[in-house]
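This report concerns only the one structure given below.
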Amino acid sequence: MRMTNALVPTLRSVPAEAEIISHQLLLRAGFIRKTAAGMYNYLPLGKRVLTKIENIVREEMDKAGGQEILMPITQPAELWIESGRWNAYGAEMIRLKDRHNREFCLGPTHEEVVTDLVRNEVNSYRQLPLRLYQIQNKYRDERRPRFGLMRGREFVMKDLYSFDRDQAGLDASYKAMYDAYTNVFTRCGLTFRPVEADSGAIGGGYTHEFMVLAENGEATIVYCDNCDYAANIEIAPCAAPKEEVSEEIKEMEKVYTPDSKTIDAVGAYLKVPVEKCIKTLFVQADDELICVLLRGNSELNDVKLKNIHPCDEIEMAEPEAVQAKIGCSFGSLGPVGLKEKGIKIYADLEMKTVVNGICGANEEEYHFINVNVGRDYEVEGYYDLRMMQEGEVCPHCGAVLKQARGIEVGQVFKLGTKYSKAMGATFLDENGKENIIEMGCYGIGVSRTMAAAVEQNYDEDGIIWPKSIAPYQVVIVPVSDKNVEQMAIAEDLYEKMIKEGIEVMLDDRAERAGVKFKDADLIGYPVRITVGKKAAGEGLIEYKLRTEKESSEVALNEVIEKVKKYFAE
Ligand code: ATP
Ligand code: MG
């Protein structure tokens, strides 16, 4: 491609809307442009990267026994009603009606459609196992679309579904996909880690997320250097407290606590350690207001809460909802008297150590001291509800865990018979007996992987594409477009490279060399070849890798071999 023919609208300044580096650089380097929140055009360079990632994914899926299909994006409501997810999917689903008023959605995922396909076409054990996949746009009306391609409302996903006759078959499919994912992200040049992940409320299966390690990742992972334990912090189990508290139970008293709206302020005012303060949180679980108690210095892990109090959506309660029910606002809330109001209280395991605790009195500016469970309030039970903190130990080996930020680029999931049972996807075994198919689902965020690659590979000048997914492998920059000899050499090299199958961009614009170098760095071509003064006389060009600061001089007739060798490494 020639730069003079290409649509590569680079920008000098950082677009105000872009908060994270991948979003900024993909906009600035002319890879993407926004049409609406979470929806993007892929410009030519962006599309090339996307296609390269897709092709790596496709090759690895095919190698792992996958067969590519293409299912419709628009899906009939009936299938989702059958699986029980039409209502459960909630506001994230984009719904629409046809001219006959029939309801449809834009597929956020395809378990229903693929299960319907398989139940109609598969009836014998001879047709199993089956691994079907597609690469396609998915639609999720995310609450907060942001960070460019990272969290879109329309995005590209590869989704594979496995169908097996039994648990052993499912285990084999899962293993094949786990290995294929490892190959995909390795080939994309990414530093990543598979971690144990949340499988949702009861009935959920076994699952791993593939996390690209990056500072801007939305997920936190914990991992152990001593053994191979690694998990999303959402599910990392916190050890129950070991300490025994033998303190004499005292009388509960109400005390005036002016201007003490936070745990720290209350602790300071009453001169007690925060571990004695009871953090009382009100949570909206669908239509129900529930209460969670934590020791003052701990944070709620809402995924753990959702797993013990199954519901569609969990959110911190709105102050108005709490005010209406309790008659008091945040800052003076506590568990005493909630039972009478019919509010369920879940306590974190650490709460067992809080004797003679401090909590809000559900009355503005007042707290109770010497509050004790059993006598002053009751709980549904004690559960692991808190977020693991720095310095906590590995549940497998006891070593201190480390934490890192990660971008979830893929997930593998054993579904079991959740969908096949609900939708009647069965097969007859050798004995003519009807069995339910065991399923798994496996997603890769193809467009998110593109953003994740940038998060991991950039410097102050721009993107540094991993070789395997760069939009072009080489850019040729003639120093002066007015120098006829230089231009002829550049053109000749360009033609030869194309013949050799090298993906090359010729920057033939009438721009100063500095401008062309700046764009080359911003766009992030792995190799830059500069055709300058020495090209005609001495037959030398300047060869520079994007990963390195220094360039070297290379003989014109050796450069193609050098490029080929670099990409074969
Ligand atoms: P998240 O927790 O980030 O919302 P998810 O767990 O809901 O993602 P899956 O249903 O597992 O997502 O989808 C498979 C893959 O698709 C994810 O691993 C992720 O890489 C990608 N993905 C999911 N949602 C988005 C999105 N809104 N924009 C871009 N990629 C996404
Ligand atoms: Mg996921």
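Each ligand, and each atom within it, is numbered from 1 in the order the structure gives. For the single chain, residues carry numbers from 1 onward in sequence order.
Counting only distance, with no hydrogens or angles, the side chain of T115 and the backbone of Y419 share no donor-acceptor pair below 3.5 Å. Remark: the backbone N or O of V527 is not paired with any side-chain donor or acceptor of R546 at under 3.5 angstrom.
A cation-pi arrangement is found for R48 relative to Y472, the charged atom lying closer than 6.0 Å to the ring centre and inside a 45° cone about the ring normal. Under a cutoff of 6.0 Å and an axis angle of 45°, K138 and F155 do not form a cation-pi pair.
Contact shell of ligand 1 (protein heavy atoms, cutoff 4.0 Å): R140, E142, L149, M150, R151, G152, F155, M157, E408, V409, G410, Q411, G445, R448.
At a cut-off of 3.5 Å, with distance as the only test, no side-chain donor of Y181 or N183 sits close to an acceptor on the other residue.
For the pairing with I469, the side chain to side chain contact (heavy atoms under 4.5 Å, CB included) check across I53, T51, L50 returns one residue only, I53.
A distance of 6.0 Å or more separates the ring centres of H23 and F147.
Considering all non-hydrogen atoms of both residues, N301 and M387 come closest at ND2-SD, 3.5 Å.
Excluding waters, the protein N/O/S atoms found under 2.8 Å from the Mg ion (ligand 2) are E408 OE2, Q411 OE1.
The shortest side-chain heavy-atom distance between L132 and V114 falls under the 4.5 Å cut-off.
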